[in-house]
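Report on one structure; see the data block that follows.
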Amino acid sequence: MKEWKKNIRKVVPYVPGEQPKQQDIIKLNTNENPYPPSPSVYEAMKRIDPGRMRLYPDPSCRMLVNGLASYHGLDAGQIFVGVGSDDVLAMAFMTFFNSEKPILFPDITYSFYQVWADLLKIPFKTPALDEDFQIRAEDYYRENGGVIFPNPNAPTGIARPLDFIRDILDHNQDVIVVVDEAYIDFGGETALPLLKEYENLLVVRTYSKSRSMAGMRIGYAMGNPELIQALNDVKYSYNSYTMDQTALELGTAALLDENYFQSVLRKIIATRQEAAERLTQMGFRWLDSSANFIFAAHPSCDGGKLFQYLRDHGVYVRYFNSPRIDQYLRITIGTDEEMKRLYQVLESALYGNI
Ligand code: PMP
């Protein structure tokens, strides 16, 4: 082996869902929103001045930070913003998980957590979800170097109530507890009210799902000013200009139209309910989802085969070939039209074509 090769970092990267090139694919594989962003974003887009691009963006991201602060009724000092919540979460790993003790996150969860832990050489343990795929609070009572989990969890979609978060926080006063609320707008109780009581809580959100802006890459964290300051210190030690000016402007504009936002959420939740009914009729078992996807398995049809059959028929869903979940498909809630096509292909698979 060439000597220089020994100094190359070896990592097993996170594998994002496929982004197919064909236009006619029904794309239910990466939990994007099937509806467009708010009209206020379209309006703001018209005001974007390309001439402004010769200048660096505002490194403090003041416009967006202030917009989010007033939206959530917090102080600007309680908000950190980044290039999607992946960026915010990676910063949080770097900033808060520096103990010799292992950090804790569930065995079945957002698979990026393990990738960041490996990349940053952070020891970790992954307590198993119970038989019903629920996170068990008791597993997080042991000594650790930090705690992170999504609520609702992914890819299960299961949300735990506020008392559960409180329980975890009560048992973890000496470490930072990160609650990843990527899907909270679709159901479940936010941990935000607990910010007043727990100085070690960080709540992370994204524009990628509920705000229909995955392509714009906007995420943010909320927590006590000391945590936010620490995140900013790490950010400025790494890359001061993380967010581009267009993202700052459009992200701020997106907050202006609450009615549109709520109507999109209502639509997706209604479609999710219908999906649960249709899947039940077809004999699927599914987990009770509070997210914009549904995690479902069929007792008499292999998950991997079903995934492939759907794919061959132009319907992309997400399949994880991992222990305990290899019979499940994670199906993003699309438009009613897209879902209709999904049901058709599922029916044809189940009625003997697989
Ligand atoms: N957290 C969870 C639980 C997710 O499923 C995702 C989406 N892949 C993210 C964070 C990251 O989303 P984004 O970087 O688009 O904000």
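Both counts, for ligands and for their atoms, begin at 1 and track the order of listing. The first residue of the sequence shown is numbered 1, and numbering continues consecutively from there.
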Ring centres under 6.0 angstrom apart (Tyr328, Phe320): no

For atom 8 (N) of ligand 1, the protein heavy atom that lies nearest, with its residue and separation: Tyr110 OH, 3.2 Å

CG-CD1 distance between Asn98 and Ile176, expressed to the nearest 0.5 angstrom: 10.5 Å

Interfacing atoms of ligand 1 (cut-off 4.0 Å, heavy-atom, Gly84): 14 (O), 16 (O)

Donor on one side chain, acceptor on other, Thr126 and Gln114, under 3.5 Å: no

Donor-acceptor side-chain pairing of Asn224 and Tyr198 below 3.5 angstrom: no

Sole candidate of Asn153, Asp180, Thr156 that passes side-chain hydrogen bond (donor to acceptor under 3.5 Å, both in side chains) when paired with Thr109: Asn153

Residue, atom name and distance, where the atom is the protein heavy atom closest to atom 3 (C) of ligand 1: Asp180 OD2, 3.4 Å

Atom indices of ligand 1, in the order listed, that fall short of 4.0 Å to a heavy atom of Ala182: 1 (N), 2 (C)

Option set Asp86, Val83, Asn153, Ile148, criterion heavy-atom distance to atom 11 (C) of ligand 1, minimum: Asp86

Tyr319 side chain to Asp326 side chain, donor-acceptor N/O pair below 3.5 angstrom: no

Ligand-side contact atoms (ligand 1) for residue partner Ser208, heavy atom cut-off under 4.0 Å: 13 (P), 15 (O), 16 (O)

Ligand 1 contact on Ser85 by region, counting heavy-atom pairs under 4.0 Å: both

Residue selection (non-hydrogen contact nearest atom 7 (C) of ligand 1) among Arg217, Arg330, Lys209, Met216: Lys209

Atoms in ligand 1 flagged as close to Tyr183, the criterion being non-hydrogen separation under 4.0 Å: 3 (C), 4 (C), 5 (O), 7 (C)

Lys27 and its side-chain hydrogen bond (donor to acceptor under 3.5 Å, both in side chains) partner, picked from Glu18, Gln22, Glu32, Glu338: Glu32

Which segment of Tyr207 sits under 4.0 Å of ligand 1 when only heavy atoms are counted: neither

